[in-house]
Asks: 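Below you'll find the structure I mean.
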Amino acid sequence: MLENLYLKFFRFFASSYIFLFIFLSFIGINLLYLNFGGWISTRNNQETLSSISNLLSAAATTFAAITAALLIFNWKAQHNLSLISKIITDVWDLHAQFSSGIYNLTYSFSVNTTESEYYQSYGLLIQYATPLRSKAQQLQALLEGQIDKENWESLQEYINYLEMFYPWTTLDFLEYRNDRIEFSNEFKYAHSNIMKVCKRYISL
């Protein structure tokens, strides 16, 4: 928990205040030089001067390393957000096709629907679910990098739902006919989960 909070704070700092940090650090170093540079230059103690010089050199090296790390971290965070934006758009489009297949199966099914017609409609759902599941898993991996646990868990619920749509897990015709309401409710729950994730990231 504390580790996640620390990473979130570091990410926020890196993305929001990195240039302010660099600018203020630069100003601070110059102010120190203006205030103490003249005094240091008047000292005759070579050992003191050497120690101060080493200290300033170490501080400059540390500052450079921290700045480089923040810049790299900020670039990675922005790159991840760019990837999330692209993949979430793909997920949105694929989910729209999948939803259309669900609605077609749900509202066209009747007492006159034959078993072959049902399996044909269910086969289309499997075709839609295969690339959709793959994209959702890619998105989940990126969200884990963003330390977005809430949306990661929502996405996991959605991926679990898509597990119903493997060829070897096809819902039996009679089972679907007897449990259509439960099937519809499961889709609504999965739909709400993926919509929550999309609304969070679709505009990035």
Asks: Going from CG on Leu139 to CG on Leu155, what distance comes out if it is rounded to the nearest 0.5 angstrom?
Replies: 5.0 Å
Asks: Do Met164 and Glu186 come close enough that some side-chain heavy atom pair is under 4.5 Å?
Replies: yes
Asks: Determine, stepwise, if the pair Ser192 / Lys188 fulfils side chain to side chain contact (heavy atoms under 4.5 Å, CB included).
Replies: CA-CA 6 Å; Ser192 67; Lys188 289 177 181 177; over 6 Å; no
Asks: Considering non-hydrogen atoms only, spot the tightest contact between Gly101 and Tyr128 and give its length.
Replies: CA-CE1, 4.3 Å
Asks: Taking transitive links into account, so neighbours of neighbours count too, which hydrophobic residues share a cluster with Tyr166 at under 4.5 Å side-chain distance?
Replies: Trp168
Asks: Could you go through residues 175-185 and list every donor-acceptor pair under 3.5 Å that involves a side-chain atom there, pairing it with any protein atom two or more places apart or in another chain?
Replies:
residue, atom, partner, partner atom, Å
Asn178, ND2, Leu174, O, 3.1
Asn185, ND2, Ile181, O, 3.3

Asks: With Thr114, which residues qualify under side-chain hydrogen bond (donor to acceptor under 3.5 Å, both in side chains), at least two apart?
Replies: Ser116, Glu117
Asks: How many angstroms lie between atom CG of Leu143 and atom CZ of Arg200, to the nearest 0.5 angstrom?
Replies: 9.0 Å
Asks: Provide the full list of side chain to side chain donor-acceptor pair (under 3.5 Å) pairs with a residue in residues 89-108, sequence neighbours left out, each pair given once.
Replies: Asp90-Lys135, His95-Ser99, His95-Tyr158, His95-His191
Asks: With Ile126, which residues qualify under side-chain contact (heavy atoms from CB on, under 4.5 Å), at least two apart?
Replies: Tyr122, Thr130, Phe165, Pro167, Thr170
Asks: Write down the atom of Leu125, the atom of Ile102, and the distance for their closest heavy-atom approach.
Replies: CD2-N, 3.4 Å
Asks: Take the angle between the ring planes of Tyr118 and Phe109 and call it parallel below 30°, perpendicular above 60°, tilted in between.
Replies: perpendicular
Asks: If you compare all heavy atoms of Ser121 against all heavy atoms of Leu105, which two are closest, and at what distance to 0.1 Å?
Replies: CB-CD1, 3.9 Å
Asks: How about Gln137 and Ile159: do any of their side-chain heavy atoms sit closer than 4.5 Å?
Replies: yes
Asks: Please identify each residue that fulfils side-chain hydrogen bond (donor to acceptor under 3.5 Å, both in side chains) with Asn193, with sequence neighbours left out.
Replies: none
Asks: Please identify each residue that fulfils side-chain hydrogen bond (donor to acceptor under 3.5 Å, both in side chains) with Ser154, with sequence neighbours left out.
Replies: Lys196
Asks: So does Phe173 get a backbone contact from the side chain of Tyr119, meaning a donor-acceptor N/O pair under 3.5 Å?
Replies: yes
